[in-house]
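In what follows, a single structure is set out as structure tokens and then discussed.
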Amino acid sequence: MDRRQGQAEVSAKTAARVVVLDHGSGNVRSVVRALEAAGAEVELTADRGRALAADGLVVPGVGAYAATIEQIRAVGGERIIERRLAGALPVLGICVGLQILFDAGTEHGTRSTGLGQWPGEVTRIQASVVPHMGWNTVEAPTGSRLFAGLEAERFYFVHSYAARSWQMEQIGSLPAPLVTWAEHDGDRFVAAVENAALTATQFHPEKSGEAGAALLANWLRTLPRRGAADADRTSPGPPTDAAPPTGPVPATGPAAATAPSASTATGHLQEPTR
């Protein structure tokens with residue numbers, strides 16, 4: 001299928017209503033434009049009610065792990081994400097928005113606690129050239145909906161830290177998360193995760209040209225189109241001190257999956273590093 005045709009099919013249906021969480025990340029405007037180009041109706045906000053009522057929530061992030069998680073918590077983003085996942089409502093993390101979903105991140109000797117949706121820690125890439133900045137191929141697993149038709153494409157990365165292992169253990173008979181890998185200078189890391197309602201990419205789809213646009217269109221196609229009644233059921237009621245359910249998104253997988261290799265290729269675009 002032609003990529004533009006695929007995006008047109010998304011637009012031809014009722015447009016997905018997507019909220020981009022406004023927590024101060026520097027790449028939010030480009031994310032909003034990319035989602036709109038892919039056929040979504042997009043709102044940039046940190047309003048809890050709007051974020052819970054949307055068909056999809058996007059959590060972007062650039063810069064330092066500690067600063068990003070602090071910004072997200074400052075706008076109530078942690079509880080919004082947890083509340084959405086408790087209701088099986090889709091969330092997409094981008095770049096540091098992927099990293100903060102793990103238990104923790106360590107940079108410059110300082111360890112920061114993440115959202116704990118996935119076990120494991122984000123650490124510095126072990127490579128002779130850091131940051132990893134430029135275009136790279138990925139190795140997506142069989143059955144990926146996010147990378148459907150995009151298995152041979154390149155995506156734009158800019159980061160110095162990554163999740164360099166996958167440690168989620170099996171939980172009952174639930175489907176295993178689909179983990180996509182990439183490699184930089186011999187060091188393998190998680191490039192994307194599809195885990196029930198929770199999806200995330202280490203690369204920037206909004207800066208990945210036609211391939212990134214097609215990937216966002218693939219994600220939009222997975223979103224349920226929720227009517228007003230459905231949205232009302234997840235809208236916040238009176239203020240409460242009770243916290244929403246926490247913990248990892250239920251999924252299965254090996255305790256320490258081995259990453260397959262992927263070939264690399266660099267580009268020349270400039271971007272703040274993480």
Inset, instruction - State, to 0.1 Å, how close Pro90 and Trp219 come at their nearest heavy-atom pair, and which atoms those are. - result: CB-CZ2, 4.3 Å
Legend entry - Polar side chain donor-acceptor pair, Thr45 to Asp22, under 3.5 angstrom: no
Inset, instruction - Please name the pair of heavy atoms, one in Ala200 and one in Trp118, separated by the smallest distance, quoted to 0.1 Å. - result: CB-CH2, 4.0 Å
Legend entry - Distance-only side-chain donor-acceptor flag, Gln71 / Ser25, under 3.5 Å: no
Legend entry - Glu82 side chain to Gln117 side chain, donor-acceptor N/O pair below 3.5 angstrom: no
Inset, instruction - Decide, yes or no, whether a salt bridge links Arg17 with Asp55 under the criterion of side-chain N to carboxylate O below 4.0 Å. - result: yes
Inset, instruction - Indicate the atoms forming the closest heavy-atom contact of Val18 with Leu35, along with that distance. - result: CG1-CD1, 4.0 Å
Inset, instruction - Write down the atom of Ala211, the atom of Arg154, and the distance for their closest heavy-atom approach. - result: CB-O, 3.9 Å
Inset, instruction - Considering only NZ, NE, NH1 and NH2 on the basic side and carboxylate oxygens on the acidic side, decide whether Arg50 and Glu43 come within less than 4.0 Å. - result: yes
Inset, instruction - Flag the pair Glu121 and Arg111 as a salt bridge only when some basic side-chain nitrogen lies within less than 4.0 angstrom of an acidic carboxylate oxygen. - result: yes
Legend entry - Thr180 and Glu139 side chains, donor-acceptor separation under 3.5 Å: no
Legend entry - Min side-chain heavy-atom separation Val58-Leu21 under 4.5 Å: no
Legend entry - Centroid-centroid distance, Phe203 to Tyr156, less than 6.0 Å: no
